[in-house]
Amino acid sequence: MIHASAIDRFLNTFGSWALALLWGLPLAFAIWTAIHPAEFEANFELLAPLTTVNFVKAWEAAPFARYFLNTFILVTLILACQFFLGTLAAFAFARFQFPGRGILFGLVLLQLLVMPDILIVENYQTMRFFNLVDTIPAIALPYIASGFGIFLLRQTFMTVPKELDEAARLEGASTLGLLWRVYVPLAKPTYLAYGLVSVSHHWNNFLWPLIITNSVETRPVTVGLSVFASTDSGTEWSVINAATLMTSAPLLIGFLLFQRQFVQSFMRAGIK
Amino acid sequence: MTRRIEWVHAWLLLLPAMVFLFTFTHLPAVRTIIDSFFSTARGRRKSVFVGLENYQQLIDDPTFWKVLANNLWFALGTIPTSIAIALVMALWVNEKLAGRSFIRMAYFTPTVLPLIAVANIWLFFYTPGFGLFDQIATGLFDTGQHNFLGNPDTALAAVMVVTVWKEAGFFMIFYLAALQTIPPSLLEAARVEGAGRWTIFWRVVFPLLMPTTLFVSVNAVINSFRLVDHLFILTGGGPNNASSLLLFYIYETAFRFWDTAYAATLTVVLLVMLSLLAIGQFFLFDRKVHYK
Amino acid sequence: EDVELQFYFPVAVGGAAADTIQALTDEYVANNPSVKIDAVYAGSYQDTVAKVLTAARGGDAPQLSVILSVDMFTLLDEDLILPFDDFATTAEDKEWLNGFYPSFMENSRTGGKTYGIPFQRSTPVLYWNKEAFKEAGLDPNTPPATWEEMVSMGKKLVKKNASGEVERWGVRIPSSGFPYWLFQGLSTQNDVILANNDGNKTNFDDPKVVEALQYLVDLSGKYGVMAPGIIEWGSTPKAFFEGQTAMMWTTTGNLTNVRKNAPFDFGVGMLPANKRRGAPTGGGNFYMFKGSTDAELKAAFDFIKWITGPEQSAKWTIATGYVAPRPATWETDAMKAYTADFPPALVARDQLEYAVAELSTYENQRITRIFNDALEAAITGKKTPEEALKEAQQKADAILKAYR
Amino acid sequence: MSTPDGKSISLSGITKSWGDPPAVDHVDLEIAAGQFTALLGPSGCGKSTTLRIIAGLEFPDSGTVTIGGEDVTALPPAKRNIAMVFQSYALFPHLSVAENITFGLRTRRVPVGERGERLKRAADLLELTPYLDRKPSQLSGGQQQRVALGRAIIAERPVCLMDEPLSNLDARLRHEMRSEIRALQQKLGFTMVYVTHDQVEAITMADQVALMNKGHVEQAASPREIYDRPATVFAARFIGTPPMNLIPIQAFGEKAGTLASQNYLIGIRPEVMHLDADGPLKATVVEAEFLGSETLVTCEAVNSRFVVSASGGTEVGRGESVGIGFKQSDMHLFDGDKGARCDGELSAVAAALCG
Amino acid sequence: MSTPDGKSISLSGITKSWGDPPAVDHVDLEIAAGQFTALLGPSGCGKSTTLRIIAGLEFPDSGTVTIGGEDVTALPPAKRNIAMVFQSYALFPHLSVAENITFGLRTRRVPVGERGERLKRAADLLELTPYLDRKPSQLSGGQQQRVALGRAIIAERPVCLMDEPLSNLDARLRHEMRSEIRALQQKLGFTMVYVTHDQVEAITMADQVALMNKGHVEQAASPREIYDRPATVFAARFIGTPPMNLIPIQAFGEKAGTLASQNYLIGIRPEVMHLDADGPLKATVVEAEFLGSETLVTCEAVNSRFVVSASGGTEVGRGESVGIGFKQSDMHLFDGDKGARCDGELSAVAAALCG
Ligand SMILES: Nc1ncnc2c1ncn2[C@@H]1O[C@H](COP(=O)(O)OP(=O)(O)OP(=O)(O)O)[C@@H](O)[C@H]1O
Ligand SMILES: Nc1ncnc2c1ncn2[C@@H]1O[C@H](COP(=O)(O)OP(=O)(O)OP(=O)(O)O)[C@@H](O)[C@H]1O
Ligand SMILES: [Mg+2]
Ligand SMILES: [Mg+2]
């Protein structure tokens, strides 16, 4: 982006790598312990024997296959609803003038602040009232209207050039047509970024899913993971890390695959 | 453009989101506020109206003041650091450096990994004696053991390090997105005008990133009061509350002590504080940072 | 008539426990076709209480659950649980109810009623590294029997490198998270109890408690046999395996773990004595919840009776390392074979004779939190033991007054 | 291509201001159905704002807009059935060229087959066929503008608004496009309102030129009328390349006689002046600028400068004294104070100066 | 304003491609110090790319760039000591007009006082004084472009590059700015490279016009030379409004004689043709376009069309038969196959046709 001299370039490359290594350290450690027997948790010998027992042990501790399916359904459901509700609301805030706009937006921002964990008891009662306890929608519902998502999308929509909006209106696009054909495509990078954030957050969410679900058919992977996380008998890093890698692998791989598109979509959306 | 039809459209667009917001956030939150004026219902004792008694208890509660102070230090320590690191990361990742994909991946992993698992890994790093940091320190400098988490003077700082590590990659994504939308011709114009990297950054890039900085800092403020998952594993708030934060204390009060009324009171305080900080921040700067 | 039961259980010792409970439940259901039991894994102990209380407040309590024995007063306070005595109507039932180790029952009874049935119970023991003992010129088969011995042996076991940094400590008594539990070993050995049986009065500032705490503080301070600062519970076994400490205090629940992972010969013994021997108990009990029909409760009672029966409880103990809560269990063939193969498993049982109830009061978590804070303050040198404990006692009194 | 007939447009009393002075100030304008009207004027005079008010993208502070006799002042743009080309292109960066052009057809659910045909014709016309699959960011500035043009042309609406659509095209293409737009407009019969600051564009293309200045319309008339009889000093100065010379009567020296006391401006176009030693106007050459087919000679007489368009080969030296001749009938007379044309006194003045 | 003298620029063998065909293809160009060179050509021909290579904003795939004799091919823009005006303005949206203009001065730590003075002068010149405190988004398109211009002018660098800086200005302002830029350039003596697609701009302003087509330079010469002796068919067609007529020799009917077997194109500018019943060329009037000072008559002869520029008042009817006359010396001859000028055979052809 900014032209750099050779030294500059070297310093930057060096700095970015140093930081990357530091940042990747926990993951590297997780991989190390997961593929070695437990006695190498704290001994980093190059020739330590490799093993898969940690993964086997982790996999067998809970019906992970089913849990993965549940998690997948859960995050897809949440993401789809968040996109849908967030898009509509953000569009209203970004491009409409109407009475009550400030107050409603304040209420949306408020949701950024209210910790859903604190409202668990109340929300449990609501779910029971709707007879939704122990269902996947029950895990999803409190999160599908996301203040964060609305806020983020609104910011993005506000940067869409006004002429594009006007051109589309002149071409006869309806309000929803305008949103769908102009705003949404232009906000693609934001959707990607937000999607990533939302998926990783809900993939890893634990307490609420644990409390609202009772059966294997509804529980997400984190519940399986937690078998290792809290133990009386000391932390078994090798197994907990194997389980961690196993449960976050789809996310990590997803990001690895996505990051190219991620960057490309920025390029495509960017107006030269 | 303020015509009736527009209002109706806008309200229709907002309706679905608002229904869910109200059902799962605002109504429960209002009930929380109401709860803060009642005593906790225990099976044998009904909840009764106690007025401001819970607030009185709060003022007299040394733990509350302790965790509040901790939280302020925590915010001061983590917000600027994580934002600055995120910005640097984004600038680096936005350039065509060797191994960019790997670097981007490395920066982003903390966002993807579940915090409980990550906390366990950091627990290992911090462990005295055979933990990674001590191994490195002993290997390099032959110093003794460091009990980072077990020492009240360092526990909070150790937790802050984990938080910054967790947050920076998350914020980086937003800076990265913003950087990509800066028209290249602006940077070219600045380069032609003889501006070096430093000047370009401070006079062009940084101001153009202001909307993102606002967004990120609002989130950072909120997160500094919200990210407590790792406390459960790393320190449990100890030693002697040295690393306890407000939300952690609320969580303990609500889900360990089951004193819902007092927890509600603490929550109200937290909400009021955050609203003042975050919403204030937002409304104050929103106008200033949008040029279009 | 068919009944359907919901049964929440926590897992605190890794994945195998969940499988065993599921297997046992399935076995019971197979033998009792009219009963359906939905065994729900509910996370850690902490998560389980949260889940039960949330569900109960939402009007949706399970019929039975395993919850920490110390949460009994909390559950009573919430008016959620039922006494087992009302269901133990037959003579056989009564005999069953009286067939548990008394030290486990201390946490399960109050006001003359039994609210909890011991199941997932443990007690701390001392593990020592025989090789380290040998290296330090000690008898590898004799652990310290008294506080003094622990100090003197500990001093010999401490190993320093050339630049005077400690490479191996003598002993490790974890103090993170719930320091009160292992401290309770020390206070019991100093012949003092921390709370009364009704759960509404504590003894935190008793001079004997102060003395015990002083001893703990001195271990790292004056005697220099233990690392300073808060000692992590979770990494303690690892530190033991890594040779970072020659002895450790931790739960019997770690037996299987240590047996599998210790790269050296180790011993398991009772905690050392001072004025007397002593150790707390710990772990979870079965509770039955209000709001269920009589048929459901009857079935739940029957299930609990069955699963704590000798054969079942032997399976459970062998699979997890928890201490079997009834003498009858130890008499089963399976248990005998197990202990013959692995004698250290007997230490915990033998220690039960000296064991006392785990600290448990009304508003238990809040009181233990206060006590923990005091312990931590003393351990990290922010306060003297006396100051810290006095303060804790005052705070505890303020809260417990309401329950007297 | 079939199309509805054009519709008439009428603005009356349109005012719009964001501050002081108003961007558009009491504009009245009648545009007949099927007519090509150019809004011409200097930068910032309110052309774009006027156009946007017609489009419904801005709402006037006062005044009414009617299209086809219907009062549309309060209608949203989509309901006005108009096409528009924006000054800044307004291309959708995420859509390909083809998708950009057919955007409106898709919103109105024109069948795919017809869409393809119309796209092909528009793309051929605009020489965009090789670029149909590209994204706007991969096109040069000129190509981008042609895409915007395509989007408006393909819509075949009764009214088409264009905001400086050709300003980024090169001369050849601009010349071609000018004829093409004009031909299309005549063939399809829609009403065109065309904003430009290029008078050549306005004069060659339009049936009616509305010359704007500082938010108001100076003169709205046919190009010939506006060229032959500029109504104001501003119009005289603005139209023509180079524009009409406005020479204070005092520059004629003694010839002005008593008229010199009046603030008269004599308007004569450079191309009807010629170097003629006997001409009524004596001046000194200040500069000569070669333009290929002509040479512009800048002269000075009594502190006022004017330009004479001489043939390409003319060679005059700086500082040379020349006489300038012109026909009496080519003279225009303006009142320097009011800025208005005063035809009444013209013959008297002409007689005095040239006589 | 003081300034270092201009520096010469030389491009040799510059090629740059993003795909096929290359955007810039083996371009060689010499620009003398202090010279004003216009890069002229149709949309997409590579003008902007060439300019950006000189600026150092793009690096050529091959070839070298020297400025003031120094090889700068690998230097970053900041080290080349140039000023530049971008086609898309490139104004900083967060800075006021004044801050935008003085951006470069601040990066080079020019003292506040001097900055203020220079700003004042530049703003006066560009009529931007009332807008100095506004943000770019509050300006009209033309005003924005003037701010960009101001930023370059105030820098007073030895080399100034401009990419269509006037394309959004109205005719009057464009005309004024043209003279001003030219005057400034001559006064300060810097070297100017000026991209435009407007040949009038190129011809009136430049010392040298580099005419580009499809990535290569067709002809680089003085405006007069390029007008008088276009080197290629492309140059002949591109320069002049309307451009030179290129009439296949076959259109002259029998007069062409045996020459009709050759693919010769006869070039004659519209303005040197006149309606003359005895002229060597017989044609039919297709259209007559009134332009104010002249009337363009489009004629057709044997399927080839050409334009005659008649005086403003001429009235001819569509379909009328006319004869067209011109001077033999105004004829140009091109080889239609190679596209190149062939002066060698000109006299023979001229004699045959007009003789
Ligand atoms: N949205 C706006 N907010 C404030 N002022 C505006 C806005 N739009 C236009 N103006 C002002 O109104 C006046 C007229 O602007 P307009 O865009 O109509 O000019 P124009 O004739 O199209 O000029 P140009 O040829 O430069 O495009 C200008 O002074 C401009 O600064
Ligand atoms: N960054 C780029 N990536 C790909 N192709 C490009 C890029 N920049 C320019 N081109 C292509 O290179 C060719 C020359 O572009 P250039 O911008 O130099 O044209 P130009 O002469 O300035 O045209 P205009 O007058 O329309 O601005 C065009 O075909 C264009 O599509
Ligand atoms: Mg405009
Ligand atoms: Mg260009």
Side-chain angles (χ1 to χ4, degrees), chain B residues 39-46 57 60-63 66 116 119-120 123-131 134-135 137-138 141-155 232-244 249 251-260 262, chain C residues 44 46-47 49-50 53-54 56-57 74-81 161-169 175-179 227-232 234-235 238-239 241-245 290 363-370 372-383 388 395 402:
Chain B
S39 69
T40 301
R42 306 266 185 200
R44 294 174 184 177
R45 286 168 283 136
K46 288 273 154 286
Q57 182 187 348
D60 297 339
D61 179 2
T63 313
K66 170 87 183 159
I116 347 166
N120 273 300
L123 181 65
F124 170 77
F125 286 1
Y126 283 134
T127 305
F130 62 94
D134 260 6
Q135 284 197 33
T138 319
F141 314 108
D142 206 26
T143 61
Q145 302 189 346
H146 300 89
N147 195 350
F148 297 105
L149 296 173
N151 181 342
D153 301 328
T154 53
F232 288 84
I233 303 232
L234 287 176
T235 64
N240 190 17
N241 293 315
S243 63
S244 188
Y249 186 49
Y251 186 87
E252 276 197 315
T253 309
F255 295 106
R256 294 220 170 129
F257 309 159
W258 293 98
D259 188 347
T260 33
Y262 189 53
Chain C
S44 63
Q46 208 52 62
D47 297 331
V49 176
L53 274 159
T54 307
R57 288 181 172 191
T74 304
L75 294 170
L76 274 175
D77 202 20
E78 294 280 342
D79 198 19
L80 290 179
I81 50 175
N161 68 6
S163 53
E165 301 296 346
V166 177
E167 282 186 336
R168 180 179 65 208
W169 294 101
S175 49
S176 76
F178 39 92
I230 298 300
I231 294 177
E232 247 296 311
S235 52
K238 190 75 201 168
F241 305 153
E242 291 291 321
Q244 296 269 328
T245 179
K290 290 186 173 171
E363 302 233 11
N364 185 58
Q365 301 273 5
R366 185 172 261 166
I367 299 296
T368 48
R369 177 75 210 214
I370 289 169
N372 286 339
D373 286 350
L375 296 178
E376 287 174 353
I379 291 168
T380 55
K382 294 287 163 187
K383 287 179 190 152
K395 287 188 192 163

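Protein chains get the first letters and strands the later ones, always in sequence-line order, with residue 1 at the start of each. It should be emphasised that the depicted structure is a prediction, and the values quoted were computed from it without experimental measurement. When reading the values below, keep in mind they use all heavy atoms of this one structure, side chains included, and skip hydrogens, waters and symmetry mates.
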ask   = Is the backbone N or O of Ile231(C) less than 3.5 Å from a side-chain atom of Asn147(B), with the two atoms forming a donor-acceptor pair by type?
value = no
Against chain B, label [X] side chain, backbone, both or neither, depending on which of its atoms sit under 4.5 Å from a heavy atom there.
X	result
Pro179(C)	neither
Ala239(C)	both
Lys290(C)	neither
Arg369(C)	side chain

remark   = Shortest non-hydrogen pair, Asn240(B) vs Ala377(C), comes out as ND2-CB, 3.3 Å
query = Where is the tightest heavy-atom contact between Gly150(B) and Thr380(C), given as atom of each residue plus distance?
reply = O-CG2, 3.5 Å
Could you grab the distance from atom [atom1] of [X] to atom [atom2] of [Y], nearest 0.5 Å is fine?
X	Y	atom1	atom2	result
Thr54(C)	Trp258(B)	OG1	CH2	4.0 Å
Asp153(B)	Lys382(C)	CG	NZ	4.0 Å
Glu232(C)	Leu149(B)	CD	CG	7.0 Å
Glu242(C)	Thr127(B)	CD	OG1	10.5 Å

query = With respect to chain B, which residue among Val49(C), Asn364(C), Ile379(C) yields the maximal number of heavy-atom pairs within a distance under 4.5 Å?
reply = Val49(C)
Side chain, backbone, both or neither of Asn241(B) within contact of chain C (heavy atoms, under 4.5 Å) = both
key: Part of Thr235(B) lying under 4.5 Å from any heavy atom of chain C   = neither
message = Once side-chain hydrogen bond (donor to acceptor under 3.5 Å, both in side chains) is applied, do any residues pair with Tyr262(B), and if so which ones, sequence neighbours excluded?
response = Asp61(B)
task = Check step by step if side-chain contact (heavy atoms from CB on, under 4.5 Å) holds for Arg57(C) and Thr260(B).
result = CA-CA 11 Å; Arg57(C) 288 181 172 191; Thr260(B) 33; 2.9 Å; yes
message = Between Thr74(C) and Arg256(B), is there a side-chain heavy-atom distance shorter than 4.5 Å?
response = no
query = Among all residues two or more places apart in sequence or in another chain, which pass the salt bridge (charged side-chain N to carboxylate O under 4.0 Å, His left out) test with Arg366(C)?
reply = Asp259(B), Glu363(C)
